Every structure is written in structure tokens, then in C-alpha cells.
Amino acid sequence: MPGIDMHAHLAPDLRSADLPGVAVDGDGVAVLGGRRVGPPDLYHPDRLENHLDQAGLDEAIVSVPPPFYRQGLSAPESAAWVRAVNDGLLAVVADRPRLTPLAYLPFEHPEVALAEYDRIAADDRWAGVVGAAGGDAGPLDGPALHPLWQRLDVDRRTVQLHPAHSADPRLEPYYLANLLGNPVETTVAVAQLVFGGVLGGHPGIRFVLVHCGGCVSAVVGRWERGHTTTRPGVPVLSPTPAEAVRALYVDNLAHDPKVVDLAVSVFGADRLVLGSDWPFPMGTDAPSATVAHRGADYARQVATDNAARALGRAPGIR
């Protein structure tokens, strides 16, 4: 089946980066703060192309994974780092037309994120941008990020939100920082975008959520009830929470067809895209599996038409 994997990862080529705490070992693996960043497949774009072949897909939208966010850097350090990361990712996918990158923007430093966006905005090799949900990113509805949202809105950009890390120490046992923390961080970020008016105020941005939108599908009804009953601190919104989230795109990486069905009912049949999270163990080698039960025509729509809209490639999209 032709189509696009909207959620895949590769490591950037950092061999030319001369930055404190950054090295590349003899195997070509990045060493950040003395720790090797894996898994090994991150450093082999040919293996990602093999994944596409096995899944029967044409293209992957590629971003650097969270270990490369390095949210604890100062603003000057972050500016140098994101330039190296984005240039390094372009180097990795050069001459590989099936691998299309997203530029990383550090939301925790809004002025750096805007400057980096200004640097890469005119380069049509980028499919869009990616930024962190949670971790040290700060509130996505904060006033310091408004200039960035305005630029992305005017440019009608695709913006992928990917969870960084959970700072909740209760989630350290049982791998809960990933199993629970990642979807929760995405959900908190979406709540900020909804209740802070970012979604309603910037309709030109195409936000794409990974991991099937985290917990949003399960809680948006509660958000809507809080809005309807004017709970303390809940602003009057237009669109309402349930309406606002239907502007989002979400990948199908839920590992359960029933959860995908819920996402379709909440976000809309035209808002689901494929995502594998390659090459991580919490991903999947068969990104179409959780939509197969909805029929071949819909699976094809998710992989092709929906993805084209999410990337701004389809005619007539908002």
C-alpha cells in the first residue's frame, strides 16, 4: 500500500559539531554528556528505508528523538545545538528522497526557536517542524511563544508535537515514564493549546500528535463538560474543546484498534495518519495494522490523503 509513515526517527550526523559535551564514538553513535544515544538503527537511514519497503510505504517523515532535545541547555548553548542537530539531520537524509525531515525547535527557549525557524523557513527540504510536549518545554500557551505561533500560522506550517520526558518522580518505576508519562505529557500540551486559545487563534498551523494523541481522546469529553458548566478558571472558548481538537492530526500508534476507533470518533476520520515510531521498541513494524479492520479503502486514505493534508500537500486544505 502506498503512503507515508508520519512518525519515524533518525539521529543527526554530529561529526562536525564542535560543542561541549557532544562526541561521536568509533561506531558513529552520538555521545551526549558521556552517554551513548541509541538504539543502533537510529544511525542507519538505509534501515529506515528497508522498514518502508517492508511496510509497503513510500516515505517517512523523520525527526530526531527526545534524547537529542537537550532541554537543559542555556539559550546560547541551545542555539548552537539546534543548528547542529538540524544541519546534521539534513546531512543524514541527503540524497534519500523517501526520507523527509522535520526541523527541531526548542520551545523552552522561544527566542531561540523563532530564530532557528527563521533560519530554516525558506528551505523546502523540511516537511515542517517538531517540538517537545512537556519535559522542560514550559507552557505552550505562554506569551513568549506567541510570536512563534504567529509565524507558523502565517506560513501554514506542519508542527509535530513529540513528548520529551516526564519530570514526575512517581513514574520512575515500571517504565511508567514512557508507558504513562509520554501520553500524559502530550495531553497536557494539548490542554494548553486548547484552553490557552492557541488552536483557535492559529488555524493555519497543522498540529500532528504522536502516540495517537496521548490521552486526549479519553478526556476531551471532560474538558467539554468543564467548559459547558463554566468551571473556575475555564475560559469561554470558541471553538469549544471538543471542536478545537478536531483541528489536530494524530497518528495511529495506539497498539489497539479500539483506541484508534475512539481517536477517529474524537478527531475525525480525515485526521488520522500512520505512525510507526521507528526504530524504538514502543513502536511498530506494521503501522497499518491498527486501521486494517476499518477496511482497505480507509487504510489507504489514512496513509495517503490524510497524510497529504497533514503535510499541506493536498489541494484545498485549510
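For this chain, numbers begin at 1 and follow the sequence in order. These numbers come from a predicted model, not from an experiment. The figures that follow rest on heavy atoms only: side chains count, while hydrogens, waters and symmetry mates do not.
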Look up atom [atom1] in [X] and atom [atom2] in [Y], then write down how far apart they are to the nearest 0.5 Å.
X	Y	atom1	atom2	answer
His7	Trp278	NE2	CH2	12.5 Å
Leu237	Leu199	CG	CG	10.0 Å
Arg35	Leu32	CZ	CG	10.0 Å
Trp126	Asn86	CH2	CG	4.5 Å
Leu161	Leu248	CG	CG	8.5 Å
His202	Leu193	NE2	CG	10.5 Å

Could you state whether [X] and [Y] fall into the same hydrophobic cluster, counting links through intermediate Ile, Leu, Val, Met, Phe, Trp or Tyr residues with side-chain heavy atoms under 4.5 angstrom apart?
X	Y	result
Phe68	Tyr104	yes
Leu180	Leu262	no
Leu209	Val184	no
Val208	Leu253	no
Val266	Val210	no

Check the surroundings of atom CG in Asp18: do more than 12 heavy atoms from other residues, nucleotides or ligands lie under 6.0 Å from it?
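For Asp18, atom CG is not crowded (no more than 12 foreign heavy atoms under 6.0 Å).
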Do the two ring centres, one from His9 and one from His162, sit under 6.0 Å apart?
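Yes.
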Assert yes or no for the condition that the ring centre distance of Phe207 to Tyr249 is strictly below 6.0 Å.
no
Nearest atoms (heavy-atom pairs only) where [X] meets [Y]:
X	Y	answer
Ala103	Ile120	CB-CD1, 3.9 Å
His51	Ser276	NE2-OG, 3.4 Å
Val37	Pro67	CG1-CB, 3.7 Å
Asp136	Gln71	N-OE1, 2.9 Å
Ala8	Leu48	CB-CD1, 4.0 Å

Would Glu77 and Arg83 count as a salt bridge (Lys or Arg N to Asp or Glu O under 4.0 Å) here? Give the steps.
CA-CA 10 Å; Glu77 292 170 331; Arg83 178 185 288 263; over 6 Å; no
Is Arg294 positioned over the aromatic face of Tyr298, cation under 6.0 angstrom from the ring centre and no more than 45 degrees off axis?
yes
Verdict with supporting geometry, Asn306 and Arg309, side chain to side chain donor-acceptor pair (under 3.5 Å)
CA-CA 5 Å; Asn306 291 1; Arg309 280 191 290 270; 2.4 Å; yes
With Arg119, which residues qualify under salt bridge (charged side-chain N to carboxylate O under 4.0 Å, His left out), at least two apart?
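In terms of salt bridge (charged side-chain N to carboxylate O under 4.0 Å, His left out), with neighbours along the sequence ignored, Arg119 is linked to Asp87, Glu116.
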Option from Asp53, Asp5, Asp58 for which salt bridge (charged side-chain N to carboxylate O under 4.0 Å, His left out) with Arg98 holds:
Asp53
Taking the side chain as every heavy atom from C-beta outward, state whether Leu152 and Val129 have any atom pair closer than 4.5 Å.
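With C-beta onward as the side chain, the pair touches.
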If we only count heavy atoms from C-beta on, is the Leu311 to Ile4 side-chain gap below 4.5 Å?
yes
Does a salt bridge link [X] with [Y], judged by any charged N lying under 4.0 Å from a carboxylate O?
X	Y	answer
Glu224	Arg246	no
Asp261	Lys258	no
Arg36	Asp27	yes

Hey, can you pull the donor-acceptor pairs under 3.5 Å for the side chains in residues 137-151, sequence neighbours left out?
from   : atom 1 : to     : atom 2 : distance (Å)
Trp149 : NE1    : Leu140 : O      : 2.8
Arg151 : NH1    : Asp118 : OD1    : 2.1
Arg151 : NH2    : Asp155 : OD2    : 3.4

My understanding is that only residues two or more places apart in sequence, or in another chain, count here; which of them pass ring-ring contact (aromatic ring centres under 6.0 Å, His included) with Tyr117?
none
